[in-house]
Protein chains: 2
Amino acid sequence: MTAPRTPTRNRRAEILRAAAELFAARGFHGVSIEDIGSAVGVSGPAIYRHFSGKEALLSEILLDISERLREQGARLVTAPAVPESPSGDAYARAALDALLHGHIDFALANPALIRVHERELDNVPESARRRIRRLQRLYVEEWVTVLSELYPDCPPARLRAATHAVFGLLNSTPRSAGELPPQAMAPLLHGMAVASLAVLA
Amino acid sequence: MTAPRTPTRNRRAEILRAAAELFAARGFHGVSIEDIGSAVGVSGPAIYRHFSGKEALLSEILLDISERLREQGARLVTAPAVPESPSGDAYARAALDALLHGHIDFALANPALIRVHERELDNVPESARRRIRRLQRLYVEEWVTVLSELYPDCPPARLRAATHAVFGLLNSTPRSAGELPPQAMAPLLHGMAVASLAVLA
DNA sequence: CTCGGATGTTAGTCACCATTAACCGGCTCG
DNA sequence: CGAGCCGGTTAATGGTGACTAACATCCGAG
């Protein structure tokens, strides 16, 4: 009863992975359905056996990324790494550390996804775009909530702007690829982010 | 003898400005020549009286941005804001400040150009791409040179990675548009950048 | 004047590409 | 066995869009 599903799922996932890679490299409009097909060894319209169209492909990719980030954010903030119940500040600091680690690991492990996530939202049809934006907003709010505990005198607009700036910093990974190995890049980004946020005090 | 040239230059500049705006909003492949024409009040193939094609348009936009950044970088570093000749460190610190100010002002004044500069390099034909990359590399090296005076024990690869990260931070302006007025955004970004670079010590 | 270049215009032309149609083999389940 | 879906294939089809052709206008120089 579930025998034929496994290959289907694999193929679907394969297509999504290949499409994300191609979109990252050449942009949504720079990639044809034929390109995506041949990247997974089938050719052209076979894609339509798995997805309703090119836009649906992009929508699913972006929804997946946004959902993964948001979910990871919610999980890390809710269940922080420090089991004891410390002072509010130490708690918030641990939560920020967790958010940073989660985001950095994701960005270093999936530079192509980060690229697509940053660049292609405009090409998603309206309804999916709304859902993606909602997830992104929730993710930003996770950060803002944590930061507002650390820097209670800082107005929210400033916290939001700083959060976007830190995302820009962390998401620089696709551009500085190869400069430094990930083992060196991760702590560098972490340190830079923490230091830059300290000016909010 | 020079009478007819002025309108031509204006039209050319008008087209470049409109094209950059459109490329920023919808991406290179998402904009048609017809779109660009009607944005400046002429329609369609009139563009070819001024440019050899769509790619030439993008090439010129990116070359101009890269050249402006690099030129500004070279100028600010060579002729720093502090006239007295201070200790090497203070000198380098002033140069870094100047680079930061220059980049931030540019990014806040031209978010669309920043966006195009970040996203569309892949769509430029090979020969122009090489020249653009060279300019970008030179600009990065300006920063690395200044930083290597401030943090002499830091390996160049690390300085380069940090520079890219700071660019990501500063170039977040198109994404956090509207969160904060530019008068508040500029010092925030400046402070965050300086603080983040301090971890290189 | 009037010639010629600079700028535009409108109507092709040609490629490319998303999507659909029509058709096919294999595998599972009855 | 055989019916039917699953996942593929190759040929349309239709639209879009870059670029070219052919033709008009304006305007300054000689």
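Here is how names work: the chains are called A, B, and so on, in the same order as the sequence lines, proteins then strands, and each is numbered from 1.
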Taking only side-chain nitrogens and oxygens of A:Arg11, does any of them come within less than 4.0 Å of OP1 or OP2 of D:dG8?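 So the side chain of A:Arg11 is within the cut-off, an N or O lying under 4.0 Å from OP1 or OP2 of D:dG8.
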
Specify the separation, in whole Å, of atom [atom1] of [X] and atom [atom2] of [N].
X: B:Phe51; N: C:dG8; atom1: CZ; atom2: C1'; value: 16 Å
X: A:Leu57; N: C:dT19; atom1: CG; atom2: P; value: 10 Å
X: A:His50; N: D:dC5; atom1: NE2; atom2: P; value: 17 Å
X: B:Asn10; N: C:dA6; atom1: CG; atom2: P; value: 17 Å
X: A:Ile36; N: C:dC17; atom1: CD1; atom2: C1'; value: 12 Å

Note: B:Arg93-B:Asp97 ion pair, threshold 4.0 Å (strictly below):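 Result for this pair is no, no salt bridge flagged.
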
Between A:Glu141 and A:Arg137, is there a side-chain N and carboxylate O pair less than 4.0 Å apart?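 Answer for the salt bridge query: no.
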
Assign a letter to each nucleotide of nucleotides 11-25 of chain D from its 5' end: B, base within under 4.0 Å of a protein heavy atom; S, sugar-phosphate only; -, no contact. B-----SSBB-B---

Apply side-chain contact (heavy atoms from CB on, under 4.5 Å) to A:Ser66 and list each qualifying residue two or more places apart in sequence or on a separate chain.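 Testing A:Ser66 for side-chain contact (heavy atoms from CB on, under 4.5 Å), a comparison that skips the adjacent residues, returns A:His117, A:Ile132, A:Leu135, A:Gln136.
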
Using side chain to side chain contact (heavy atoms under 4.5 Å, CB included) as the criterion, point out the one residue from A:Thr173, A:Leu100, A:Val194 that pairs with A:Leu189.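 In the set A:Thr173, A:Leu100, A:Val194, the residue that makes a side chain to side chain contact (heavy atoms under 4.5 Å, CB included) with A:Leu189 is A:Thr173.
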
Checking the side chain of B:Arg12 only, and the main-chain atoms of B:His50 only, is there a donor and an acceptor separated by less than 3.5 Å?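 At least one qualifying donor-acceptor pair exists.
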
Any sub-3.5 Å donor-acceptor pair from A:Arg129's side-chain atoms to A:Val124's backbone N or O?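 Yes: the side chain of A:Arg129 pairs with the backbone of A:Val124.
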
